[in-house]
Amino acid sequence: MNDALKLSGITKGYNLGTPTEVRVLNGVDFTLAAGEVVAMVAPSGAGKSTLLHIAGLLDTPDVGSVEIDGVAVGGSDRARTKLRRQDVGFVYQFHHLLQEFTALENVVLPQLANGISQKDAAAHAMDLMETVGLTNRVGHRPAELSGGEQQRVAFCRALANKPRVLLADEPTGNLDPGTSDTVFAALMALVRGSGMSALIATHNLELAGRMDRMVRLDAGVLSAA
Ligand code: ADP
């Protein structure tokens with residue numbers, strides 16, 4: 001089986017108009033195997049979000065390559081957008097749900113955009129919501145849900161189109177410790193239930209210890225932790 005994600009020699013800097021560029025990533029190599037769940041730990045400002053955005057095809061490296069499911073990503077913006085829609089799920093620290101839609105609709109909509117019928121999309125959304133223990137909240141709008149519940153809906157939305165890779169940027173970073181535990185367990189149930197691969201950035205070493213392995217981003221490179 002192909003690796004879910006392969007990053008090779010990823011370098012990225014920001015030029016702020018000063019003579020010296022700020023180099024954030026300096027030759028990152030990383031392979032995420034099929035079905036593997038990896039924790040990424042890093043001090044704040046180390047470049048976690050930059051790396052996740054490059055892996056998730058939301059940004060491009062200055063140098064280096066990204067492969068998803070054995071396919072080298074390159075070419076047109078259109079091709080990248082298509083790959084991103086089909087193969088990558090993204091979860092942020094803040095849920096970014098659509099406020100005017102119910103929890104269920106938030107999980108159904110990305111599937112409709114991907115050509116799935118309303119009936120199938122709703123049935124799949126109900127299955128996902130059941131996995132994260134939200135069957136009795138499907139008709140609620142985000143404002144009527146707790147922070148942990150909102151984040152669980154965001155996980156379902158990210159996984160709705162069965163992406164090859166889930167990328168999560170501090171998915172429990174905004175929650176209190178007790179809630180963070182429940183929400184993390186829900187995320188793992190979804191990921192393990194689907195057999196998907198995930199790269200999850202977290203400051204929480206206890207949660208990181210529950211994943212298959214841990215990598216550390218420091219001084220622009222990624223190494224085993
Ligand atoms: P982390 O997610 O680990 O906190 P980021 O990837 O957000 O780190 O940022 C890494 C570094 O890159 C920081 O020093 C940040 O200031 C800088 N940076 C991030 N995005 C930009 C940008 N668009 N322009 C300039 N500098 C940026």
Side-chain angles (χ1 to χ4, degrees), residues 4-32 36-68 73-74 77 80-81 83-84 87-97 147-148 150-151 154-155 157-159 163 165-177 179-180 183-184 187-188 191 196-225:
L5 171 71
K6 187 167 184 201
L7 305 177
S8 310
I10 301 286
T11 295
K12 177 80 177 176
Y14 294 106
N15 193 328
L16 301 176
T18 50
T20 42
E21 172 200 69
V22 179
R23 185 170 282 195
V24 181
L25 303 174
N26 199 9
V28 169
D29 293 313
F30 174 70
T31 301
L32 184 67
E36 194 178 32
V37 179
V38 176
M40 173 163 60
V41 294
S44 188
K48 256 180 300 104
S49 304
T50 301
L51 183 59
L52 287 170
H53 285 160
I54 289 171
L57 315 183
L58 294 161
D59 198 357
T60 48
D62 297 333
V63 181
S65 66
V66 180
E67 273 179 36
I68 294 187
V73 179
D77 280 353
R80 296 169 61 84
T81 303
L83 257 186
R84 183 169 71 233
D87 290 340
V88 184
F90 220 103
V91 180
Y92 298 90
Q93 184 170 351
F94 298 98
H95 58 78
H96 299 301
L97 295 171
Q150 290 169 347
Q151 199 59 327
F155 297 162
R157 180 187 52 183
L159 299 199
V165 183
L166 177 77
L167 300 168
D169 196 352
E170 303 267 1
T172 63
N174 189 34
L175 304 171
D176 63 71
T179 308
S180 166
V183 167
F184 179 76
L187 179 60
M188 290 303 271
V191 169
M196 154 183 329
S197 311
L199 177 61
I200 302 175
T202 181
H203 279 308
N204 185 325
L205 290 179
E206 198 270 316
L207 295 185
R210 289 196 237 161
M211 301 188 215
D212 297 329
R213 67 187 164 99
M214 213 187 292
V215 291
R216 184 177 306 278
L217 180 62
D218 206 3
V221 294
L222 205 55
S223 49

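All figures in this text were calculated on a predicted structure; none of them were measured in a lab. Every number for a ligand or one of its atoms is a count from 1 in the order of the listing.
Between the side chain of Asn174 and the backbone N or O of Phe94 there is no donor-acceptor pair closer than 3.5 Å. Remark: side-chain polar atoms of Arg157 are paired, donor with acceptor, to backbone N or O of His95 under 3.5 angstrom. With hydrogens and angles disregarded, no donor-acceptor distance shorter than 3.5 Å links the side chain of Thr179 to the backbone of Leu175.
When distances from atom 11 (C) of ligand 1 to the protein are checked, a heavy atom turns up under 4.0 Å. Atom 20 (N) of ligand 1 lies below 4.0 Å from at least one non-hydrogen atom of the protein.
Counting protein heavy atoms only, atom 9 (O) of ligand 1 is closest to Thr50 OG1, 3.9 Å. Atom 13 (C) of ligand 1 has as its closest protein heavy atom Gly45 O, 3.9 Å. Counting only heavy atoms of the protein, atom 8 (O) of ligand 1 lies nearest to Gly47 N, 3.1 Å. For atom 23 (N) of ligand 1, the nearest non-hydrogen atom of the protein is Tyr14 CE2, 3.6 Å.
Salt bridge absent: Asp29 and Lys6 never bring a charged side-chain N and a carboxylate O closer than 4.0 Å.
A heavy-atom distance below 4.5 Å is not found between the side chains of Leu83 and Thr81. Between Phe90 and His53 there is a side-chain heavy-atom pair separated by less than 4.5 Å.
Here's the thing with Ala46: one of its N/O atoms is less than 3.5 angstrom from an N/O atom of ligand 1.
Heavy atoms of Val24 come nearer than 4.0 angstrom to ligand 1 in at least one pair.
Annotation: Arg216, atom CZ; neighbour count of heavy atoms from other residues, nucleotides and ligands within 6.0 Å does not exceed 12.
Nearest to atom 7 (O) of ligand 1 by heavy atom, out of Ser49, Pro43, Ala42, is Ser49.
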